[in-house]
Amino acid sequence: MLFMKLSQFIGQRLREVPRDAQTASHKFLLRGGYCRSVSAGLYSLLPAGCRIVRKIEAIIREEMNRIGGQEVLMPLVLPAELWRESGRYESVGPELLRFRDRNDKEMLLGMTHEEAVVHLARTELPSHRQLPAMMYQIQVKYRDEARPRAGLIRVREFTMKDAYSFHISQECLEEYYQKAHQAYERIFQRLGLRECVSILSDSGMIGGALSHEFMAIAECGEDTLFCSPDGRYRANREVACSKLHYKQEEPLPLEKVATPDCKSIEEVAAFLQLPKEQTGKALFYKDGKGALVLVSIRGDLEVNEAKLKKLLGEAELDFADDQLILSAGAVPGYASLLGLKREGIRVLVDHSLAESSNLVVGANEAGYHCRNFNFFRDLELAEQIQVADLATVREGDPCPLSGEPLQMHRGIEVGNIFQLGTKYSKAMHCNFLGEDGQSHPMIMGCYGIGVGRAMAAVIEQNHDDYGPVWPLSIAPFQVHLIGLNQARPEVSQACELLYKQLQEEGLEVLYDDRGEKAGSAFADADLLGIPFRIVLSPKTLDQAQAEFKRRHWGRRSEMLPLSGLAACIKSMVQEELRSFA
RNA sequence: CGGGGCGUGGCUCAGUCUGGUUAGAGCGCUGCGUUCGGGACGCAGAGGUCGGAGGUUCAAAUCCUCUCGCCCCGACCA
């Protein structure tokens, strides 16, 4: 439907901010009548929201088709047996909603569709002659989120575009991965996400080697990312690293000092009047099997648990309790590697600890620390200890590429791309027959975009105090026609005529025919965020003119002659649309 | 799952501490009239078993117990 009268348009605008909404997108989505909450993390889309989502999907389709994608549709409900093949039925936690059907068969709601697409690929793509190939769908996903939040940004049921590519070689995958990356850049540009960057990311439960997340920069985002000033280095905090300087001096003799009641780094540093950089700390974790893991790092730095988990291959890590620490011969609050028997403990050390000189570390004796600890000098068989990057990057830390201070941002993850490799194809016997006549596992990539989340992210980046400022590419309508003082027949007649002319130009036009007071009409228009606005009133008609205004202009407007107005708007709309093509 | 907050017409809230007429206001909604350029006004209306269940009491939105739901912070999160 290209046109609509506001008096018939479903979706009440709300004057007041609903109590539950905190973020800009959540507030405006509710206030503008774009969506309504049904239950925690479950939303219905009203016509305005639905129109936007359909436009987002259309842009995504175009770009997926452009890189050779073929659209498919896989079921939301899947049999557990398929997920058992990949091992994820067991490995994924309670966010996977499992249930039984009437025949007591174990089923699940798909939270992503690697298994389902492999089920297709292994029968439909038997030969190398069909590869590379890419299938995508725009489908609902369900994840039983522990805590939905911020309106459409984190929900339980959501529409996602998920794409899967299949290749005969890693080289082919990498080449396609680049194409997908470019397609994503085009998509987010076309959606009007002005600040959207791809960053290195952790591949998490999907697995695979290389992956990128596309982050819409926004204060309310759930992710923290680091970018170098020149933009060459961009990474999620989970994987970000830096090129910290480690102080290296002549090693001084190890020396025990009394440090009564100094159990924290802050206390030790204050007591000895040293910077925290001159200290080292030891943290004790418990892995999934309850075994002790010791991590040592420079005192001012924080351990990055995402890096640690990845290194250990552990899905779960917890802080160890004091009893477990004591049983290993360490003293909580005064623990370190010094004099510790390392049998039966997995020990990991961050570069910052191994490569700094003369640190203050715990003496493994209550009330005492040691000065001038030097890792390779003071530990037996220090070279057997795994030294790795385990530190959490901080704002201002030096960029690993340029050394420039890293900038920290918050971001909303609107898309991600993964080089999956053969994780699923091997586990699920998804093979193709190669030129060599042999069977090989397919090399896979996968590529996701959250549609509703993207809509919310667009608002976060494009709004003022009064409502969203929709980019023309995804706006619910292109033109908002307002007739003030509809009781006057000359106004309603002129409006009806212009409404018809705009339609004849093929424009998507919303006509506010309600005859509301100017204030309410304008406030509603601001909440609907339509890029082009035309106002007709007795005042403008006296001069054979219309008031014209762009949504992003704020309160400013200009007058345009009524004659030829529809064609004039049409050409402006077309020109602007070209910038989103 | 831990911590905090909140459930009273469609929306925002008052009333709960200190139990007591018929449960209120503003917005929104319906009808009539007057208005008409950044959320007008008058009159007349519709709409609530005060989240639910039990209990205490002559009497419960209000006190007690249990329970359900929603939001925020954290944990978790392709």
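Note that the structure is a prediction, hence the values are computed from the model and not measured. Residue numbering restarts at 1 for every chain, and letters A, B, ... go by the order of the sequence lines.
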Trainee: With respect to the side chain of A:A146, which nucleotide from B:rA75, B:rC71, B:rG38 is positioned closest?
Mentor: B:rA75
Trainee: With rounding to the closest Å, how many angstrom separate the C1' atoms on B:rG26 and B:rG47?
Mentor: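 Between the two C1' atoms, the distance is 16 Å.
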Trainee: For A:E195, give me all partners under salt bridge (Lys or Arg N to Asp or Glu O under 4.0 Å), at least two apart in sequence or on another chain.
Mentor: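 Scan of A:E195 (salt bridge (Lys or Arg N to Asp or Glu O under 4.0 Å), adjacent residues dropped) gives none.
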Trainee: Quiz question: by atom type and distance under 3.5 Å, do the side chains of A:S25 and A:E460 form a donor-acceptor pair?
Mentor: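 Result is yes, a qualifying pair exists.
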Trainee: Who pairs with A:R156 by side-chain hydrogen bond (donor to acceptor under 3.5 Å, both in side chains), at least two apart in sequence or on another chain?
Mentor: A:Y142
Trainee: Using Watson-Crick or G-U wobble geometry with both distances under 3.5 Å, which nucleotide pairs with B:rC6?
Mentor: B:rG69
Trainee: Using purine N1 to pyrimidine N3 plus N6-O4 or O6-N4 for Watson-Crick, or N1-O2 and O6-N3 for G-U wobble, both under 3.5 Å, which nucleotide pairs with B:rC41?
Mentor: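 Pairing partner, where one exists within any strand: B:rG33.
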Trainee: I'd like the P distance from B:rC63 over to B:rG19, given in whole Å.
Mentor: 9 Å
Trainee: Write down the distance between CG (A:N485) and P (B:rA40), rounded to a whole number of angstrom.
Mentor: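 In whole Å, B:rA40 P lies 14 Å from A:N485 CG.
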Trainee: May I ask you to evaluate whether A:R149 reaches the phosphate of B:rC73, defined as a side-chain N or O under 4.0 Å from OP1 or OP2?
Mentor: yes
Trainee: Choose from B:rC70, B:rC73, B:rG39 the nucleotide whose nearest atom is closest to any side-chain atom of A:R31.
Mentor: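 Closest of the options to the side chain of A:R31: B:rG39.
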Trainee: Would you list the protein and nucleotides 10-14 of chain B atom pairs, both N or O, that sit under 3.5 Å from each other?
Mentor:
residue	atom	partner	partner atom	Å
B:rU12	OP1	A:R19	N	2.8
B:rU12	O2'	A:E16	OE2	3.4

Trainee: Can you check whether A:P531's main-chain N or O pairs, donor with acceptor, with A:R550's side chain at less than 3.5 Å?
Mentor: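 Yes, A:R550 side chain to A:P531 backbone: donor-acceptor pair under 3.5 Å.
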Trainee: What nucleotide, of B:rG39, B:rA75, B:rC70, holds the atom closest to the side chain of A:A40?
Mentor: B:rC70
Trainee: So A:A306, base contact, sugar-phosphate only, or nothing? Heavy-atom distance under 4.0 Å.
Mentor: nothing
Trainee: Measure from CZ on A:F319 to C1' on B:rG74 and round the result to the nearest Å.
Mentor: 13 Å
Trainee: Please table the atom pairs, donor to acceptor, closer than 3.5 Å between any side-chain atom in residues 4-13 of chain A and protein atoms at least two apart or in another chain.
Mentor:
residue	atom	partner	partner atom	Å
A:K5	NZ	A:E496	OE2	3.0
A:S7	OG	A:D513	OD1	3.1
A:S7	OG	A:D513	OD2	2.7
A:R13	NH1	A:G11	O	2.7

Trainee: Counting side-chain heavy atoms from CB outward, which of B:rG38, B:rC36, B:rG39 is closest to A:R555?
Mentor: B:rG38
Trainee: A:K549 side chain N/O closer than 4.0 Å to the phosphate oxygens (OP1, OP2) of B:rG38?
Mentor: no
Trainee: Can you figure out which of B:rG38, B:rC76, B:rG39 approaches the side chain of A:R533 most closely?
Mentor: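 From the listed options, B:rG38 comes nearest.
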Trainee: Could you tell me which residues satisfy side-chain contact (heavy atoms from CB on, under 4.5 Å) with A:Q170, sequence neighbours excluded, listed by chain and number?
Mentor: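 side-chain contact (heavy atoms from CB on, under 4.5 Å) list for A:Q170, sorted by chain: A:L173, A:E174, A:Q419, A:I443.
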Trainee: Tell me the partner of B:rG74, counting only Watson-Crick (N1-N3 plus N6-O4 or O6-N4) or G-U wobble (N1-O2 and O6-N3) with both under 3.5 Å; none if nothing fits.
Mentor: B:rC1
Trainee: Rounded to the nearest angstrom, tell me the gap between atom CD in A:E145 and atom C1' in B:rC1.
Mentor: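 Spelled out: CD on A:E145 to C1' on B:rC1 is 15 Å.
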Trainee: Give the rounded distance in Å between these two atoms: CD of A:E413 and P of B:rC76.
Mentor: 16 Å
Trainee: For A:A180, which residues count as a side-chain contact (heavy atoms from CB on, under 4.5 Å) partner, sequence neighbours excluded?
Mentor: A:I67, A:Y447
Trainee: Would you say B:rC70 has OP1 or OP2 under 4.0 Å from some side-chain N or O of A:S39?
Mentor: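 Looking at the OP1 and OP2 atoms of B:rC70, one of them is under 4.0 Å from a side-chain N or O of A:S39.
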Trainee: Counting any heavy atom closer than 4.0 Å, what does A:A487 reach on the DNA or RNA strands: base, sugar-phosphate only, or nothing?
Mentor: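 A:A487: base contact, heavy atoms under 4.0 Å.
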Trainee: I want to know whether A:W553 and A:F548 have ring centres closer than 6.0 Å.
Mentor: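 Yes.
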Trainee: Please give, in whole Å, the distance from B:rG28 C1' to A:I10 CD1?
Mentor: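 About 17 Å, once rounded to whole Å.
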Trainee: Could you tell me the Watson-Crick or G-U partner of B:rU62, where both distances fall under 3.5 Å? Say none if there is no partner.
Mentor: none
Trainee: Nearest-Å distance, CG (A:D465) to C1' (B:rG38)?
Mentor: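 Answer to the nearest Å: 14 Å.
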Trainee: Expressed in whole Å, how much space separates the C1' atoms belonging to B:rA14 and B:rC32?
Mentor: 31 Å
Trainee: Could you tell me which nucleotide pairs with B:rC11 by Watson-Crick or G-U wobble geometry, both distances under 3.5 Å, or answer none if nothing does?
Mentor: B:rG26
Trainee: With rounding to whole Å, what would you report as the distance between B:rC27 and B:rC41 at their P atoms?
Mentor: 7 Å
Trainee: If the threshold is 4.0 Å, N to carboxylate O, is there a salt bridge linking A:D526 and A:R533?
Mentor: yes
Trainee: Counting side-chain heavy atoms from C-beta on, which of B:rC36, B:rG28, B:rG38 comes nearest to A:A518?
Mentor: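 Closest nucleotide among those given: B:rG38.
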Trainee: Base, sugar-phosphate alone, or nothing: which one does A:D162 contact when heavy atoms must sit under 4.0 Å apart?
Mentor: nothing
Trainee: For B:rU49, give its Watson-Crick or G-U wobble partner with both distances under 3.5 Å, or none.
Mentor: none
Trainee: For A:Q22 and B:rC71, what is the distance between atoms CD and C1' respectively, to the nearest whole Å?
Mentor: 7 Å
Trainee: Over how many whole Å does the gap from A:E516 atom CD to B:rU35 atom P extend?
Mentor: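 In whole Å, B:rU35 P lies 17 Å from A:E516 CD.
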